[in-house]
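Read through the structure below, which is laid out as structure tokens, and then see the notes.
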There are 2 protein chains.
Amino acid sequence: MVERQKDENLSAILKAASDPTRRAILTLLAQHGPMKVTHIARQYDQSLNAISKHIKVLETAGLVSRRTEWREHLIEVQMEPLSAIDLWFTQLRSIWALRFDTLEAALTEETDNDN
Amino acid sequence: MVERQKDENLSAILKAASDPTRRAILTLLAQHGPMKVTHIARQYDQSLNAISKHIKVLETAGLVSRRTEWREHLIEVQMEPLSAIDLWFTQLRSIWALRFDTLEAALTEETDNDN
DNA sequence: CTATCAGTCAACCATATGGATGAATGAATG
DNA sequence: CATTCATTCATCCATATGGTTGACTGATAG
């Protein structure tokens, strides 16, 4: 099913976002707009290669896109996939809320009790 | 500063949430309410120890709390810390939106002033 | 007294991750 | 032709992660 796929995507997105450097890159891109890899790398005191790898992780997760203009790669943040996190959170919260409704109903009915 | 602390928290939360098994545990707890470790473990075909470790990760991230009643540990989901993710996302999005405003402003100004 | 039970702790293992360094690529420029 | 430039690829390294199995703990049931 698509479910499994979605779950893997979500894992990738969350994992990609769980690194401080990568979050910083996303923020940077959000404020600066599309940037070259070198330009991004210059902002941090990590090697260009390290940044290049981080970008690839973000790209695999769909959090950034790459427009390659010969040797210059323009990296751009992609907000949309991040909403998968939002969706998951909302779902979880509604499951949680639902439980309270049921609990409340059970309490008012005062019928069952099995621990 | 507190900023650094918050950032580390966020990293921990996102990383904790990035594992499918751990997300499943959160969902389970959200619908069932507080559960014993053994009870949780019985739902998955991983060893009790593996689940115990997952729970500890969730606990460190603040995503679940533990009420120890002698040898029985009651694990309960904590929704509140998850909103840190929401907050981050919202901030990122607003930074992003801001850039568009500025860009738009710059463009209108440019058309006013130039040529 | 011994077995049982709920959990953690302690090793151990394979693989993933984040980082560094040193190629290699291939157009453009001198 | 040699250099420069922007990036990735290939290694290599240390540490983190997810999992397993096997003690250990300490009250209670038999």
Side-chain angles (χ1 to χ4, degrees), chain A residues 4 7-29 32-76 115, chain B residues 4 7-29 32-77:
Chain A
R4 170 130 216 96
D7 204 53
E8 278 172 25
N9 283 351
L10 183 53
S11 294
I13 292 171
L14 285 164
K15 195 179 281 186
S18 77
D19 183 89
T21 307
R22 284 193 293 257
R23 279 202 306 281
I25 293 178
L26 288 180
T27 307
L28 186 66
L29 288 171
H32 279 228
M35 293 173 73
K36 297 194 307 174
V37 177
T38 339
H39 190 181
I40 298 173
R42 227 175 293 140
Q43 309 277 32
Y44 308 95
D45 68 338
Q46 288 182 17
S47 71
L48 171 65
N49 283 19
I51 301 297
S52 175
K53 270 165 95 176
H54 278 310
I55 291 176
K56 189 178 296 178
V57 173
L58 290 169
E59 194 184 9
T60 315
L63 265 33
V64 304
S65 64
R66 181 188 305 253
R67 201 166 354 117
T68 305
E69 197 100 5
W70 192 223
R71 58 181 174 176
E72 292 192 4
H73 299 205
L74 266 198
I75 311 297
E76 183 168 18
N115 292 1
Chain B
R4 168 132 218 94
D7 205 51
E8 279 172 25
N9 283 351
L10 184 54
S11 293
I13 292 171
L14 285 163
K15 195 179 281 186
S18 77
D19 183 89
T21 307
R22 285 194 292 259
R23 280 202 306 280
I25 293 178
L26 289 180
T27 307
L28 187 66
L29 288 171
H32 277 229
M35 294 173 74
K36 298 194 305 173
V37 176
T38 340
H39 191 182
I40 298 173
R42 228 174 293 139
Q43 308 277 29
Y44 308 96
D45 68 337
Q46 288 182 15
S47 72
L48 171 66
N49 281 20
I51 300 298
S52 174
K53 272 164 93 174
H54 277 310
I55 291 175
K56 189 178 297 180
V57 173
L58 290 170
E59 194 184 9
T60 314
L63 265 33
V64 304
S65 64
R66 182 188 305 252
R67 202 166 352 117
T68 306
E69 197 98 6
W70 192 221
R71 59 179 173 177
E72 294 193 1
H73 300 204
L74 267 198
I75 311 298
E76 182 169 18
V77 69

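Convention: sequence-line order gives letters A, B, ...; per-chain numbering from 1. Worth saying up front: this structure is predicted, and the values here are computed from it rather than measured.
Between the OG atom of A:Ser65 and the CG atom of A:Leu29 there is a distance of 9.5 Å, given to the nearest 0.5 Å. Here the CG-CG distance, from A:Leu58 to A:Leu26, works out to 5.0 Å after rounding to the nearest 0.5 Å. Residue B:Ile25 holds its CD1 atom at 4.5 Å from CD1 of B:Ile51, rounded to the nearest 0.5 Å. The CG atom of B:Leu14 sits 10.5 Å away from atom CZ of A:Arg22, with the distance rounded to the nearest 0.5 Å.
Rounded to an integer number of Å, the gap from CE of B:Met35 to C1' of C:dA6 is 14 Å. Protein atom CD of A:Glu72 is 9 Å distant from nucleotide atom C1' of D:dC5, rounded to whole Å. Look at CG on B:Leu58: it is 13 Å from C1' on D:dG18, rounded to the nearest Å. One interatomic measurement links the two molecules: CG of A:Leu74 to P of D:dA6, which rounds to 13 Å at whole-angstrom precision. Atom NZ in A:Lys56 sits about 14 Å away from atom P in C:dG18, given to the nearest Å. Following rounding to the nearest Å, B:His73 (NE2) and C:dC9 (C1') show an atom-to-atom distance of 12 Å. The CG atom of B:Asp19 sits 18 Å away from the P atom of C:dT15 (whole-angstrom rounding). At whole-Å resolution of the value, CZ in B:Arg23 and C1' in D:dG18 are 15 Å apart.
Residues B:Leu74 and B:Lys36 share a closest heavy-atom pair of CD2-N, 3.7 Å. Between A:Ala61 and A:Ala12, the shortest heavy-atom contact is CB-O, 3.8 Å. Residues A:Arg71 and A:His73 come closest through the heavy atom pair O-CD2, 3.3 Å. Closest approach of B:Val57 to B:Ala16, counting heavy atoms only: CG1-CB, 4.0 Å.
Proximity of A:Lys53 to the phosphate of D:dC9: no side-chain N or O atom is located under 4.0 Å from OP1 or OP2. In this structure, A:His54 reaches the C:dG19 phosphate: one of its side-chain N or O atoms is under 4.0 Å from OP1 or OP2. Between A:Lys36 and D:dC5 there is no side-chain N or O to OP1 or OP2 distance below 4.0 Å. Regarding contacts with the backbone of C:dT17, every side-chain N or O of B:Lys15 stays at 4.0 angstrom or more from both OP1 and OP2.
The residue B:Arg42 sits apart from the nucleic acid: no heavy atom pair falls under 4.0 Å.
Looking at residues 43-52 of chain A, you'll see A:Gln46, A:Ser47, A:Asn49, A:Ala50 sit with a heavy atom under 4.0 Å from some atom of DNA chain C.
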Protein-nucleotides 25-30 of chain D N/O pairs closer than 3.5 Å?
| residue | atom | partner | partner atom | Å |
| --- | --- | --- | --- | --- |
| D:dG26 | N2 | B:Arg71 | NH1 | 3.1 |

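Checking C:dG30 for Watson-Crick or G-U wobble geometry (two distances, each under 3.5 Å) identifies D:dC1 as its partner.
Nearest-nucleotide assignment on DNA chain C puts the 5′-proximal partner with B:Glu59, out of A:Arg22 and B:Glu59.
A salt bridge links A:Asp7 and B:Arg23; the closest N-O separation between the charged side-chain nitrogens and carboxylate oxygens is under 4.0 Å.
A donor-acceptor pair under 3.5 Å is absent between the side-chain atoms of A:Ser52 and the main chain of A:Leu48, judged by distance alone.
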